[in-house]
Visitor: 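Structure provided below as structure tokens; questions to follow.
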Amino acid sequence: MEQVVNVPSPDISLDNWITLANRINTIFASDPKVAGVVVTHGTSTIEETGFFLNLTVKYDRPVVLVGSMRPALQSAPTDLSIF
């Protein structure tokens, strides 16, 4: 697991997308045993990121975008009962 980009979903940029696509392509190129990649992503721009990755990832292996929704100004929950 690694963090490639950490920006609020509405602030994602072309440079962020290029960085993400390059990292995914590098992962797939360096290890043919990698079955796929999972990307956690805010829901505001998840479809644009998915479209961009569909055009730029050069491998026929799954890239799964998982949406996570929390307003940018809301702090993370501190209640340990929330999973």
Side-chain angles (χ1 to χ4, degrees):
M1 185 168 85
E2 70 180 85
Q3 181 173 296
V4 177
V5 175
N6 185 15
V7 297
S9 180
D11 297 337
I12 198 158
S13 67
L14 179 58
D15 286 339
N16 296 143
W17 283 335
I18 291 169
T19 298
L20 184 58
N22 286 340
R23 183 63 187 129
I24 292 169
N25 282 318
T26 299
I27 290 168
F28 285 151
S30 65
D31 189 351
K33 293 181 183 178
V34 172
V37 172
V38 176
V39 177
T40 58
H41 198 294
T43 57
S44 294
T45 56
I46 195 169
E47 63 278 1
E48 290 90 346
T49 299
F51 181 70
F52 182 83
L53 293 176
N54 184 58
L55 297 174
T56 57
V57 172
K58 302 172 187 174
Y59 295 85
D60 191 24
R61 290 185 248 173
V63 176
V64 178
L65 298 178
V66 178
S68 177
M69 203 165 121
R70 179 176 58 85
L73 299 177
Q74 177 185 341
S75 62
T78 56
D79 183 352
L80 296 178
S81 67
I82 300 174
F83 291 72

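Predicted model only: the values in this text are computed from it and were never measured. What you see below is based on every heavy atom in this structure, not just the backbone, and it leaves out hydrogens, waters and symmetry mates. By convention here, the first residue in the shown sequence is residue 1.
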Visitor: If you round to the nearest 0.5 Å, how far is CG of Asp60 from CZ of Phe28?
Guide: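 Rounded to the nearest 0.5 Å, the CZ-CG separation comes to 9.5 Å.
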Visitor: Nearest 0.5 Å, please: how far is CD1 in Ile46 from OG1 in Thr40?
Guide: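 One finds 9.0 Å between OG1 of Thr40 and CD1 of Ile46.
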Visitor: Could you state whether Val5 and Ile18 fall into the same hydrophobic cluster, counting links through intermediate Ile, Leu, Val, Met, Phe, Trp or Tyr residues with side-chain heavy atoms under 4.5 angstrom apart?
Guide: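 Cluster IDs for Val5 and Ile18 match.
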Visitor: Sort and list the pairs that fulfil side chain to side chain donor-acceptor pair (under 3.5 Å) and have at least one residue in residues 22-38, not counting sequence neighbours.
Guide: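 Residue pairs with at least one partner in residues 22-38: Glu2-Arg23.
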Visitor: Can you get from Val7 to Leu14 by hopping between Ile, Leu, Val, Met, Phe, Trp and Tyr side chains that sit under 4.5 Å apart?
Guide: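 Linked within one cluster.
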Visitor: If hydrophobic clusters are built by linking Ile, Leu, Val, Met, Phe, Trp and Tyr wherever their side-chain heavy atoms come under 4.5 Å apart, do Leu53 and Val34 end up in the same one?
Guide: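 Yes, one cluster joins them.
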Visitor: Under the criterion side chain to side chain contact (heavy atoms under 4.5 Å, CB included), I'd like the reasoning laid out for Val57 against Val37: C-alpha separation, chi angles, the key distance, then a yes or no.
Guide: CA-CA 11 Å; Val57 172; Val37 172; over 6 Å; no
Visitor: What pair of heavy atoms forms the shortest contact from His41 to Ser9, and how long is it?
Guide: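 Closest approach of His41 to Ser9: CE1-OG, 3.6 Å.
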Visitor: Minimum heavy-atom separation for Pro62 to Ala35, with atom names?
Guide: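 Result for this residue pair: CD-O, 3.1 Å.
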Visitor: Would Asn16 and Ser13 count as having a side-chain donor-acceptor pair, cut-off 3.5 Å?
Guide: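 Side chains of Asn16 and Ser13: pair found under 3.5 Å.
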Visitor: Working to the nearest 0.5 angstrom, can you tell me the gap between Ile12 CD1 and Thr45 OG1?
Guide: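 Taking CD1 in Ile12 and OG1 in Thr45, the distance rounds to 5.0 Å.
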Visitor: If you measure from CD on Glu47 to CG on Asn54, what distance do you get to the nearest 0.5 Å?
Guide: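 Glu47 atom CD to Asn54 atom CG measures 13.5 Å (nearest 0.5 Å).
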Visitor: What is the distance from atom OG1 of Thr49 to atom CG of Leu20, rounded to the nearest 0.5 Å?
Guide: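 Answer rounded to 0.5 Å: 7.5 Å.
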Visitor: Would Val4 end up clustered with Trp17 when hydrophobic side chains under 4.5 Å apart are linked, directly or stepwise?
Guide: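 Val4 clusters together with Trp17.
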